[in-house]
Structure formats: C-alpha cells, structure tokens
Amino acid sequence: MLNGNSWSVLPVAIQKIIRFDVYRHHRRWVAEKLGPEARNSELEFTKKILSVDAKHYHAWSHRQWVLQNLGGWEDELSYCSELLAEDIFNNSAWNQRYFVITRSPVLGGLKAMRESEVLFTVEAIISYPENESSWRYLRGLFKDESTLYVNDAQVSSLCLKILKTKSNYLFALSTLLDLICLGYQPNEDFRDAIEALRTSDFDKQDSDIAITICSILEQVDPIRVNYWVWRKSRLPQAA
C-alpha cells in the first residue's frame, strides 16, 4: 500500500540513478496511484534534473506527462520564461513553451496566445537574431495560418530590421524567403536591404529577389548550401 512515507524515499533513490529513463515508467505508475498530491513533488523533481541538464529529454517528457495527467499548468509558462531568461538559446525551453500555449487548458489555446507570444518572440529575436529556436517558434505561432503569417507586419518588419544591420541575418533572410514563397510582396526597402548584402561574386542579371536571397544564403550558410540550391531550383522564376 502506498503512503506518504513510501513516496518520500523514491526521489532520493531515483536521483542516485543516472539513467532516469529506465525508471520513469515506474515513477509514473506511482504518481498515478497517488494522484494530484504527487503533482508538486514531480514538477519539482523534474525541475531539479533540468537545472543540471536543461536538455534532458526524459525529464521533459515526464514533466509533460505530469502536466497532462496531474495538472500544474498555472505556473508553467512562467517557468519557461525563467529558463529562457537564463538561456535564450535553450531550445528545450522553447519547445516546452509551445507545448504549454497549445495544450494548457487555462490559457485558451494558440489563437488566444498568439498576439502576446509574437511580441515576446520578436523581442527575443531582436536581442539574439542568430538564435534559430526563436525564429522557429515564431513560425510555429502561425501553424496552419499562412495568410496570417504573411500579413502580420510584425514578422516582415522584424526581418527588415535585422537585414538592415547586415549582421546575424541568416534566419531573417530565410524567413523572408519563406514569406515570399507564401505570397508576400517585398517593397523597395527590402530590395535595397537585399541589394546591400550582395557581393562581387553575384550575377547582376539576377533581378528576382527570391533568387538573389537563395544565392546569398548559399554563401552565408555553406552547411546547407545544397538545400538552398534546391530551394532556388523550386522557385517559379527559376523554372
């Protein structure tokens, strides 16, 4: 029979085991038997693990299981904000934040959270435009809403602002390419910003902005050069 005493020894015992993944199923079984009274201790348990290893997959998985089965959603968005304040490049924290805004029964869903989350993410990107996680999060806020994504002035303005700095602009450039492929029509400010990124190696006859963007990305993102060559080949102008 389970009771408070038997439960209290589990965290101590399991913390001594490096491979938490081996024991998480038993831990969940115990938590299920105890019900909501295990919620706080389980959330605190995963928090301790994540303070040591912020990318611990099984700790995040267990935390999400606790939220969905035992509750505790009320403070989870704040917890994600705390983690991102400590390390804005914490991709796991960004993933958890998305999990919270799309699954939490107390926040109203993605549509209700979109406006405030876009503001939060734009500020994060302006501070660290080289952070791919925040750009991916921004795109995720418009899941299945391509028209809203294209028409949201905050997104295009963000791209232009980063491009004009001529620094850490890779993800701003790739986002602009995505927007154009979805129907966005860049104005002269964008064309001027892209033109300023050209090098002497570029073919001046390439007047199409999407083709030019792909060519720039081939140079500034050599690891994915084949991908950008492929993207260029898929453009209607390149057909």
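When reading the values below, keep in mind they use all heavy atoms of this one structure, side chains included, and skip hydrogens, waters and symmetry mates. Bear in mind that the values here come from a model prediction, so they are computed numbers and not experimental data.
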Are [X] and [Y] close enough for a salt bridge, meaning some N to O gap below 4.0 Å?
X      : Y      : answer
Glu132 : Arg224 : yes
Glu195 : Arg191 : no
Asp178 : Arg231 : yes
Glu218 : Lys232 : yes

Worksheet entry | Reference residue Leu163; test side-chain contact (heavy atoms from CB on, under 4.5 Å); the match among Ile213, Asp192, Ile194, Leu158 |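 Among Ile213, Asp192, Ile194, Leu158, the one meeting side-chain contact (heavy atoms from CB on, under 4.5 Å) with Leu163 is Ile194.
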Worksheet item: How close do Leu50 and Trp60 get, heavy atom to heavy atom, and via which atoms?
Response: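 Answer, listing the atom of Leu50 first, then Trp60: CD2-NE1, 3.3 Å.
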Worksheet item: At their closest point, which heavy atom of Leu170 faces which heavy atom of Val220, and how far apart are they?
Response: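 It is CD1-O, 3.8 Å.
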Discussion item. Keeping Trp94 on the side-chain end and Cys80 on the backbone end, is there a donor-acceptor pair under 3.5 Å?
Written reply: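 Side chain of Trp94 to backbone of Cys80, a donor-acceptor pair under 3.5 Å: no, none is there.
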Practice prompt. Starting from the C-alpha separation in whole Å, work towards a yes-or-no answer on side-chain hydrogen bond (donor to acceptor under 3.5 Å, both in side chains) for Arg198 and Thr212.
Written response: CA-CA 8 Å; Arg198 281 178 178 265; Thr212 300; 3.3 Å; yes
Worksheet item: Parallel under 30°, tilted from 30 to 60°, perpendicular over 60°: which one fits the rings of His58 and His56?
Response: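 Taking His56 first and then His58, their aromatic rings stand perpendicular (interplane angle over 60°).
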Worksheet item: Which word best sums up how the rings of His62 and Phe45 line up, parallel for under 30°, tilted for 30 to 60°, or perpendicular for over 60°?
Response: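 Rings of His62 and Phe45: perpendicular, over 60°.
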Nearest 0.5 Å please: distance from the [atom1] atom of [X] over to the [atom2] atom of [Y].
X      : Y      : atom1 : atom2 : answer
Asp87  : Leu83  : CG    : CG    : 9.0 Å
Phe120 : Leu84  : CZ    : CG    : 5.0 Å
Phe171 : Leu217 : CZ    : CG    : 10.0 Å

Would you give me the side-chain donor-acceptor pairs under 3.5 Å for residues 99-111, sequence neighbours excluded?
residue : atom : partner : partner atom : Å
Thr102  : OG1  : Tyr98   : O            : 2.6
Thr102  : OG1  : Phe99   : O            : 3.3
Ser104  : OG   : Val106  : N            : 3.2

Fill in: Steps toward side-chain hydrogen bond (donor to acceptor under 3.5 Å, both in side chains) verdict (Ser81, Arg97)
CA-CA 8 Å; Ser81 295; Arg97 191 179 186 94; 2.8 Å; yes
Discussion item. Would Tyr137 and Glu117 count as a side-chain hydrogen bond (donor to acceptor under 3.5 Å, both in side chains) here? Give the steps.
Written reply: CA-CA 9 Å; Tyr137 185 83; Glu117 286 302 289; 2.5 Å; yes
